[in-house]
Amino acid sequence: MRHLLLILLVFAFGGVLRAQSQDEAWLEGTLVSKTDKTPLVNAFVVLRTADGADTPFSTLTDEKGYFLLKGRVGTYRLATTFVQQTIVLRPALELPAGRLQLGTLPVELTRELESVVVKGKAPLVRYEGSTLIFGEAAFAKARGGSVLDGLMLIPGLQIEGANKLKLYGLSELAVYIDGRAQRMSQDEVIALLQGMSASEIAQVELIREPGVEYSGVTTPILNIKRKTRADEGIKGFSSLVGTYQHYLSEQLSTRVNFNYGRSRSYLSYSFGDKRQRETTTFSKRYVDDQRTDSRRSHQVALGTDLTLGKGHSLGGQFIGNYASERLLLTSQRSNRLQWLNLYGSLYHTFRSHSWTLQTTAEGSRGSSDLRREQGSGAVASEDGNRFVRLALDVSRQLSGTFSLALGAEASHIAVDTRLSNRTEAVTLRELDVEGYASLGFRLQPFNGHIGLRVAGEDRTGNSGVGLGNFSRSGAELLPYASLRYDLARNHQIALTHSSSYTRPNYRDLLGYTSEASALLSREGNADLKTSYRRSWALNYSYLRAAQLELSYVDTEAPIVEAVASQGAGYVLRRYNLDYSRYLRVLLVLPVPIIYHGEVSWIASTYLAAQRQWDRGRIDVTDYRHTFNAHYIQHTHSFSFPTGWTADLGVTYYSALMYGLYRMQSQWWVNASLSKQMGDLRISLSAHDLFNTNIARGAYALAAPALSFERNWYSPRLQLTLSYSWGKKTVKVQDAHTRYDDLKRLSTGANEGLNVSTL
């Protein structure tokens, strides 16, 4: 496959060079702020005629402020639009044939202290290969709300249950902020996002196929980039979330931002009190009832970013999480858990005209105390874990066409578990050393990357007396390649190959048996192997909005959960299959039905169909299964005058295999309504209005099949109050002008869906 891509690139380069006409011209440069020399990210750069009329020659700057713009020989006016400001960079620019390099262009940004009204089109989303980049305008409807409110505006993004972010209902998402992974539990990440104001978002990258610079990530990534410039002074954001889902839960968050001179700092606190219930009814009519009553959590976070000088920036982040939970299994059984985790990171960045160097050091230390109360059979366990990571990343713009990125990292994990009924501790030690190289190119109408990551691991563990030790070491080559081709204006095709790995969770490796519920116990399997995933995706997009994708994924040694009878109950144990492969077709179709004045109505449809092949051996049983499945989601989003927004959607899953579990079809309905009143935003949302999201099915390998019905009691009502306070140097008057195209998918130069923004 790698050789085929290289051959395609060679032919593509040759074809493009032959097709270049004599009047074709290229313009490149880098936009930076005149005051602090920081790059202007996602700035709109355009060539206009001498009298100021628009031309089709435009582009956006990347994260380094760099732009490469294709035009034709002639005299133009070069301008940029950034943070709702339009600045003329060159009033008269002679563009010759070939390539013209302007170097670094300092841009003076101004601010109005009185009321200002800005009318115009702003890009919602643009593509870089298979990555979707949502600009600030994409989150306009979330003004006054949290970052989580803004993320819910990304097409296909949803929260499953109370804390699981998913894309198109198919893939879980990893959350990054400013390119750094948030190494916390899902509950803690959601709490962090609920405590951040949507006004802090500069842009969000939806990285559907993570490249070699992301270590071992198997899921799509949401990279939230905060604004690099902010008004001086103190600003705050507070939110209160009340949820009723069989029980009442609350979440209170407050964040204060301090911006002075060259420093940006924040301090935040979040408190949650969560209650929930779920039941599983088995074929023997045994009901496994689990109730969380309650889980109280505290999160304290602080961070700072300092601009030290020309090109130098230094930052740090420290987060502490504490939770206390009581899980009721039956009247005789319950678990009590206390969890504490401290995380810190330091990072330094140096930028010059053509290259960037970033150094990162991060670490965490956590402990948990779990007490299983089962009458005379009470068992307690204490966990301690430590994590440290050092990483160095370098990127260099070799020329106007090629760029190079290199990186290396080393990380160490140590876990110690001690049970009260055993004298010895169960331990895990892991050392990972990894490195990567990636070559990118821009040669219109082609863009792409070719990269390779080398991941080495060394794992050792002690499962306890009589259970033996386990040791595993080795290395894996993880290639990555992407090629994007602009067929014509508004038409784009991309081909991507990626690879990743999933290492077994250390709890799945441990040899001792623990309680999963009143009926189910969990048993470790020290023979679990690392799972490797390789995928190929062919994507066609229209207007950077609608897309059709064909993908093939081959997973070697996938990890699945098996069920076995043991006395009066059952044991859960994880195994590796030989492989799991699927072929999937995905259609994403957003259609603006009304785009007029302050009223908009956008209907979005997501369709996925796949055929999957699984094969392996579970103990002494050979397992083979082939099945078809499909997924449909249809949503409607409305915007009304005076700050009202509303959303309504329905989701349907066909019958499918989830690991070794045969699942019946299921569906549910979601709805939300919000209103912004100055600095206050009120939002009411409902999930699974008719309680149809109940998982029914059977365990495929049992004879007779072990049927089950899991009820999450998922009808959920959620009321959110958000309030922004503090210094405001720019006041905004609510006035909009929207652009209506006969095609209904409105476009700007080289962009997809557009809306007006202030």
Side-chain angles (χ1 to χ4, degrees), residues 163 175 180-192 195 251 268-274 290 292-303 316-329 333-346 361-374 378-390 411-432 459-465 467 469-470 503-516 522 524:
N163 60 8
V175 175
R180 291 178 287 276
Q182 302 304 295
R183 304 183 190 279
M184 297 178 285
S185 70
Q186 294 172 330
D187 281 318
E188 292 159 353
V189 170
I190 292 296
L192 184 67
Q251 180 83 36
S268 69
Y269 171 73
S270 177
F271 169 75
D273 191 356
K274 180 180 178 181
Q290 297 188 43
T292 301
D293 188 22
S294 64
R295 184 184 192 273
R296 296 184 177 179
S297 61
H298 304 264
Q299 182 182 89
V300 178
L302 58 95
Q317 178 179 243
F318 303 91
I319 299 176
N321 289 288
Y322 172 78
S324 176
E325 174 183 288
R326 187 185 184 205
L327 179 64
L328 302 176
L329 304 175
R333 293 185 176 186
S334 64
N335 290 346
R336 291 182 181 271
L337 172 68
Q338 290 183 331
W339 163 261
L340 174 65
N341 184 68
L342 301 175
Y343 169 81
S345 66
L346 293 173
E362 57 182 335
S364 67
R365 187 179 185 90
S367 65
S368 66
D369 186 354
L370 174 63
R371 192 170 300 276
R372 301 182 178 90
E373 299 170 343
Q374 305 169 21
V379 178
S381 64
E382 296 180 358
D383 282 356
N385 63 81
R386 302 178 299 279
F387 166 78
V388 63
R389 174 177 175 267
L390 298 174
S411 61
H412 176 68
I413 300 173
V415 180
D416 297 279
T417 299
R418 186 175 295 278
L419 281 72
S420 61
N421 61 349
R422 298 192 180 188
T423 58
E424 77 283 355
V426 179
T427 63
L428 174 77
R429 298 292 184 267
E430 180 176 332
L431 175 64
D432 299 318
R459 268 187 170 190
T460 59
N462 178 9
S463 299
V465 175
L467 298 173
N469 300 330
F470 60 86
R503 290 172 181 155
N505 187 293
Y506 85 97
R507 290 192 177 277
D508 296 327
L509 292 168
L510 299 182
Y512 70 86
T513 301
S514 62
E515 296 291 327
R522 186 177 300 280

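Bear in mind that the values here come from a model prediction, so they are computed numbers and not experimental data. As a basis for the values below, the full set of heavy atoms in this structure was taken, side chains included, without hydrogen atoms, waters or symmetry mates.
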### Message
Could you check whether any side-chain N or O of His412 sits under 3.5 Å from a backbone N or O of Glu430, counting only pairs where one atom can act as donor and the other as acceptor?
### Response
yes

### Message
Closer than 3.5 angstrom, by distance alone: can the side chain of Gln299 be matched with the main-chain N or O of Glu188 as a donor-acceptor pair?
### Response
yes

### Message
Evaluate Asn335 against Leu370 for side chain to side chain contact (heavy atoms under 4.5 Å, CB included), listing each step before the verdict.
### Response
CA-CA 7 Å; Asn335 290 346; Leu370 174 63; 4.0 Å; yes

Roughly how far, to the nearest 0.5 Å, is the [atom2] atom of [Y] from the [atom1] atom of [X]?
X	Y	atom1	atom2	value
Arg429	Arg459	CZ	CZ	13.0 Å
Ser185	Asn341	OG	CG	8.5 Å
Asp432	Arg503	CG	CZ	4.0 Å
Ile319	Met184	CD1	CE	4.0 Å
Leu328	Ser294	CG	OG	10.0 Å
Gln338	Ser368	CD	OG	10.0 Å

### Message
Run the side chain to side chain contact (heavy atoms under 4.5 Å, CB included) test on Asp293 and Arg326 for me, step by step, so that the C-alpha distance in whole Å, both residues' side-chain angles and the decisive distance to 0.1 Å come before the verdict.
### Response
CA-CA 6 Å; Asp293 188 22; Arg326 187 185 184 205; 5.6 Å; no

### Query
Which pair of non-hydrogen atoms, one from Gln251 and one from Ala191, has the smallest distance, and what is that distance?
NE2-CB, 3.7 Å

### Task
Could you give me the CA-CA distance, side-chain angles and deciding distance for His298 and Tyr269, then say whether side chain to side chain contact (heavy atoms under 4.5 Å, CB included) is met?
CA-CA 7 Å; His298 304 264; Tyr269 171 73; 2.8 Å; yes

### Query
Given the rule in the side chain to side chain contact (heavy atoms under 4.5 Å, CB included) test, do Asp187 and Arg295 qualify, once you have shown the distances and angles that lead to the verdict?
CA-CA 11 Å; Asp187 281 318; Arg295 184 184 192 273; 4.1 Å; yes

### Task
State which residue, out of Arg365, Arg183, Glu362, fulfils the side-chain hydrogen bond (donor to acceptor under 3.5 Å, both in side chains) condition with Tyr343.
Glu362

Under 4.5 Å between any side-chain heavy atoms of [X] and [Y], yes or no?
X	Y	result
Arg296	Tyr322	no
Arg371	Asp369	yes
Thr292	Lys274	no

### Task
Would you check if there is a donor-acceptor pair between the side chains of Asp416 and Thr427 at a distance under 3.5 Å?
no

### Query
Are any of the side-chain nitrogens in Glu382 or Arg418 under 4.0 Å away from the carboxylate oxygens of its partner?
no

